[in-house]
Asks: 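Got a structure for you, written out below as structure tokens; questions coming shortly.
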Amino acid sequence: MQYALLRTSALALAFAASAGLGAAQQQPPAADAQQQSQQERAQQTPSGQMGKEEPSSHAPSASPPANAVLVNGALAVPDAPATDMVPAKFSAKNAADDALITIAYTFKTLTDDERRAIFEALKGQPAAAFNADVGTELAPGIELRPVPDEVTARVPQTTGYRFAVANNRVLLVGTSRIVVGVFGDANAPASEGRRGP
């Protein structure tokens, strides 16, 4: 009797397993004509032929719905604050910020008045004959002076930094002798006065 019960149980389990395998092997629903053509076009690209991209990444993007809260990573609601969360491919400002070295972020948020105050207070100091930009490590022979107290009182972010004047620009330098801020004449092009927008 137990043998018959065991045999019946084994047959029932085998039947359930085969039914589950059969359901798992069913074909997915057929793609519509538009999906089929997108997939074929994607497979013609070099990366599509190598299997590095999903075919859907080549699909044309539809315009966002009229009531979308986020458009291209930015808040699309009235009076929304500007943020640094917008992807760099949609924001030139954020792309420039991404190119900035991390240590220079201290001076990224300075206002134009603060930048002008740093330049005006320090531009009259003795100048050296070299040129440097943010991220440049200065040679040991270049003399660096501490930022004066009257500048640190006006712009507290400059506390603990040293500076040099070169090429009509004021260079703020960190402890590792790397230039972390460049301040120039407000009438000069942006590439000479500061890095980024």
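Quantities reported herein were computed from a predicted structural model and do not represent experimental measurements.
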Asks: Looking at side-chain heavy atoms only, is the closest gap between V155 and L110 below 4.5 Å?
Replies: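 With C-beta onward as the side chain, the pair touches.
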
Asks: Indicate the atoms forming the closest heavy-atom contact of V179 with A132, along with that distance.
Replies: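 For V179 and A132, the tightest heavy-atom pair comes out as CG2-CB, 4.1 Å.
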
Asks: Quick one: does any side-chain atom of R177 pair with a main-chain N or O of L144 as donor and acceptor, under 3.5 Å?
Replies: no

Asks: Would you say F130 and L138 make side-chain contact, with heavy atoms under 4.5 Å?
Replies: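 In contact.
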
Asks: Is R169 positioned over the aromatic face of F119, cation under 6.0 angstrom from the ring centre and no more than 45 degrees off axis?
Replies: no

Asks: Under the 3.5 angstrom rule, does the side chain of R162 hit a backbone N or O of G174 as a donor-acceptor pair?
Replies: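 Yes, R162 side chain to G174 backbone: donor-acceptor pair under 3.5 Å.
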
Asks: Applying the side chain to side chain contact (heavy atoms under 4.5 Å, CB included) criterion to V170, which one of L122, V151, V147 satisfies it?
Replies: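 Output: one option passes, namely L122.
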
Asks: Can you measure from CG (L172) to CD1 (I178) and round to the nearest 0.5 angstrom?
Replies: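 Reported to 0.5 Å precision, the distance equals 14.0 Å.
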
Asks: Calculate, to the nearest 0.5 Å, the distance between atoms CD and CZ belonging to E120 and F183 respectively.
Replies: 13.0 Å

Asks: Nearest 0.5 Å, please: how far is CG in D149 from OG1 in T159?
Replies: 8.5 Å

Asks: Side chains of T136 and L171: closer than 4.5 Å at any heavy-atom pair?
Replies: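 Of all side-chain heavy-atom pairs linking L171 with T136, none is under 4.5 Å.
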
Asks: Taking the six-membered ring where the residue is Trp, are the ring centres of F107 and Y161 under 6.0 Å apart?
Replies: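 They qualify: ring centres under 6.0 Å apart.
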
